[in-house]
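Atoms considered below: every heavy atom in the structure, side chains included; atoms not considered: hydrogens, waters and symmetry mates. Chain identifiers are assigned alphabetically (A, B, ...) following the order of the sequence lines, protein sequences preceding nucleic acid strands; residue numbering begins at 1 within each chain.
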Amino acid sequence: MNMINILCTKLKMKTSRIYAMKNREIAAIFEEVAIYLQMQDEVIFKVRAYENAALALEGLAEDVEDIYKRGGIAALQEIPSIGRALAEKIEEYIKTNKMEFYDELRKKLPIDLKGLRNIEGMGPRKILVLYKKLRVKDVDDLKKSAEAGKIRSLAGFGEKSEANILKAIAIKEKSRGRMPLFEADPIVAEIVDVLSRAGAEQITAAGSYRRRKETIGDIDLLVVSNKPGKIMDAFTKMKSVIAVYAKGTTKSTVRLMYGLDADLRIVERSSFGAALNYFTGSKDHNVALRKISIFRGMKLNEYGLYKGKKQVAGENEEGLYKALGLRYIEPELRENSGEIEASKKNTLPNLIGYSDLAGDLQVQTSWTDGSSSIEDMARAASKIGLEYIAITDHTKSLAMTGGLDEKKLAKQGEEIDKISEKLGNIAILKGAEVNIMKDGTLDIASAALRKLDVVGAAVHSNFALSKDQMTRRLIRAIENPDVDVLFHPTGRIVGKREPYDIDIEQVVDAAKSSGTVLEIDSLERLDMKDEHIRLAVRRGVKLCIDSDAHSPSHFSALRFGLAQARRGWASKKDVINAWPLEKMQKMLK
DNA sequence: GCCGTTTTCGGCCCGACTGTTTTCAGTCG
């Protein structure tokens with residue numbers, strides 16, 4: 001939340017512009033309350049209730065304020081992990097922007113909980129002791145106390161604890177939070193290489209990396225090896241390791257110089273499936289599976305599924321799900337957001353596969369801000385197995401890219417025909433990424449657009465309109481009979497730019513009624529988000545997954561768009577560029 | 001404080017590692 005606050009201040013934006021802002025605010029408060037309660041020796045289950053509620057709010061697609069407006073307290077209680085008491089607290093916060101219960105706790109213990117909790121090893125009990133004995137209120141106090149050698153003499157602490165605190169603070173100062181998946185990819189490859197050289201028999205990256213979440217908080221690796229000592233040594237001595245938090249025979253944790261942690265677990269082959277399942281998560285998904293195990297009179301841990309002392313499953317994930325009476329659930333779906341119920345009822349979607357794309361409907365070239373010629377881009381696309389691409393350079397109002405006008409579009413069309421004929425092995429469609437003006441009109445005349453095969457429309461300016469204005473702007477473009485696809489519908493860029501404020505449901509509904517395709521932009525943007533995709537799929541809106549390539553190497557980003565689509569429960573039937581060219585073209589206006 | 005394939009009361013996921021201890025509490029995922 002801090003990051004968002006900073007962002008808001010910097011951009012002088014109203015906080016309401018940030019998507020589902022209230023959800024995160026309230027989640028942050030509940031998280032803090034949980035810590036306060038733990039300090040006060042409140043029963044752990046009450047603590048968990050607040051933690052669970054925070055998680056539920058963070059994972060919520062809909063704005064909690066909208067839910068409240070729609071159905072009041074009763075609607076809030078429909079949210080899992082929110083009961084009467086917490087619903088009332090949420091109501092209070094929506095109405096007054098305050099929560100008395102929380103304010104009281106804070107008055108009693110005026111501590112920067114969030115800051116202190118962010119220091120590795122600092123939990124509620126330690127924070128409380130440090131406050132009571134040394135009046136430590138924030139990270140700055142903590143650092144000073146440690147440097148002055150005051151901590152080592154406290155009961156429960158020692159010299160090592162004191163040194164670790166200083167180390168953890170130093171590391172935190174260099175931390176960077178969550179990392180986009182596409183940045184983590186090469187780092188994971190590097191670690192896998194090291195472990196494989198050290199003699200690991202089997203290596204799999206698990207965690208949010210395997211679930212293909214758009215950002216990851218750390219890297220979880222799972223290894224099968226009969227030389228655990230050697231593997232752990234190789235892992236903790238990697239060049240990129242700047243600190244070792246823990247090193248055991250089955251589990252080690254290190255901090256990497258890239259600003260995130262990596263966890264390594266070594267397991268027996270007979271437990272690999274159970275371990276993979278456990279370390280892939282999500283935590284919520286795991287907890288749900290364990291509850292099912294208990295219900296069926298069994299116990300699930302990272303070593304297997306047990307009936308008494310007998311392992312009934314665990315060597316592979318498929319067997320594990322089967323033994324729990326479930327259909328196999330793909331990692332991208334494991335967020336405990338309905339996948340377990342769907343698995344029970346056998347209604348899981350047949351997810352689009354990572355090699356299912358036949359074409360790419362957004363490609364830029366050196367005609368505008370791309371680096372390469374039409375021919376080079378077409379060759380690169382063909383090389384990775386695509387059967388068709390659409391050339392979609394920017395249009396004239398995007399002056400900084402040298403956007404094309406009607407005349408240049410016509411000229412580019414002639415060039416495309418020539419190259420198409422020359423190459424022969426890939427269909428090159430004529431298209432454009434047409435700029436959506438502030439009022440929702442387009443910057444290219446209808447007559448010129450009708451000569452194109454694919455018209456994508458996109459917002460590139462005036463991001464700070466009100467929710468209402470922006471929604472109307474997009475809907476006007478969507479309903480334009482010349483527009484086939486709405487490119488990167490929410491304008492966000494992972495880790496860089498928040499989405500503009502729109503009513504996504506209205507946008508999706510407009511796409512449905514007008515037969516407009518919504519894009520999943522793969523490169524850096526990952527726009528739409530998984531939850532938006534899921535909404536679109538539910539409403540029967542067609543999607544396309546595009547690279548938004550500006551150079552030949554960018555086509556490799558399609559796998560991230562595909563991952564996003566899978567996380568949004570999309571099947572091949574939902575994604576038009578997974579279809580053969582002729583069938584795809586029938587979907588265009 | 002939440003929740004119900006079993007339960008409107010009585011449960012609530014499970015285990016590894018560290019540091020400070022001599023058996024465990026605290027933290028983490």
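- Residue contacts for A:Ile44: at a heavy-atom cut-off of 4.0 Å it reaches no nucleic acid atom on any strand shown.
- Among the atoms of the strands shown, only primed sugar atoms or phosphate atoms (P, OP1, OP2) are found under 4.0 Å from some heavy atom of A:Ile82.
- Rounded to the nearest Å, the gap between the P atom of B:dT21 and that of B:dA16 is 24 Å.
- At a threshold of 4.5 Å between non-hydrogen side-chain atoms, the residues A:Glu317 and A:Tyr328 count as touching.
- Regarding contacts with the backbone of B:dG19, a side-chain N or O of A:Asn164 is found under 4.0 angstrom from either OP1 or OP2.
- Nucleic acid contact class of A:Asn52 (heavy atoms, under 4.0 Å, all strands): none.
- At B:dG15, one or more side-chain N or O atoms of A:Lys299 fall inside 4.0 Å of OP1 or OP2 (strictly under the cut-off).
- In a base pair of the Watson-Crick type (N1 to N3 plus N6-O4 or O6-N4) or a G-U wobble (N1-O2 and O6-N3), with each distance short of 3.5 Å, B:dG10 is matched with B:dC3.
- For A:Thr253 and B:dG29, the shortest distance from a side-chain N or O to OP1 or OP2 is not below 4.0 Å.
- Nucleotides B:dG11 and B:dT5 place their C1' atoms 16 Å apart, quoted to the nearest Å.
- A:Ser208 comes within 4.0 angstrom of nothing in the nucleic acid, heavy atoms only.
- Proximity of A:Arg265 to the phosphate of B:dG15: no side-chain N or O atom is located under 4.0 Å from OP1 or OP2.
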| message | Would A:Tyr93 and A:Glu100 count as a side chain to side chain donor-acceptor pair (under 3.5 Å) here? Give the steps. | response | CA-CA 9 Å; A:Tyr93 190 80; A:Glu100 199 159 333; over 6 Å; no

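- Between A:Asp263 atom CG and B:dT18 atom P there is a gap of 12 Å when expressed in whole angstrom units.
- Contact annotation: A:Lys46 side-chain N/O to B:dG1 OP1/OP2 distance is under 4.0 Å.
- Residue A:Glu341 is classed as having no contact, given no heavy-atom separation below 4.0 Å to the nucleic acid.
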| said: Working note: A:Arg135 + A:Asp141, criterion side chain to side chain contact (heavy atoms under 4.5 Å, CB included); need CA distance, chi angles, decisive distance, verdict. | reply: CA-CA 8 Å; A:Arg135 295 280 128 189; A:Asp141 292 343; over 6 Å; no

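- Residue A:Thr250 has a polar side-chain atom (N or O) positioned under 4.0 Å from OP1 or OP2 of B:dC17.
- A salt bridge links A:Glu162 to A:Arg152: at least one charged side-chain nitrogen sits closer than 4.0 Å to a carboxylate oxygen.
- Counting atom types as modelled, A:Lys247 pairs no side-chain N or O with a base atom of B:dT18 as donor and acceptor under 3.5 Å.
- Nucleotides B:dC13 and B:dT18 are separated by 26 Å at their P atoms, to the nearest Å.
- At least one cation-pi condition fails for A:Lys137 and A:Tyr131: the charged atom is not both under 6.0 angstrom from the six-membered ring centre and inside a 45 degree cone around its axis.
- For B:dG15 and B:dT8, the P atoms lie 28 Å apart once the distance is rounded to whole Å.
- Using a 4.0 Å heavy-atom cutoff across all strands shown, A:Tyr303 reaches sugar-phosphate atoms only and no base atom.
- Residue contacts for A:Arg117: at a heavy-atom cut-off of 4.0 Å it reaches the sugar-phosphate backbone alone, with no base atom in range.
- A:Lys283 comes within contact range of at least one nucleobase, with a heavy-atom separation under 4.0 Å.
- Test A:Thr250, A:Val223, A:Leu222, A:Leu221 against A:Arg265 for side chain to side chain contact (heavy atoms under 4.5 Å, CB included) and you get one pass: A:Leu222.
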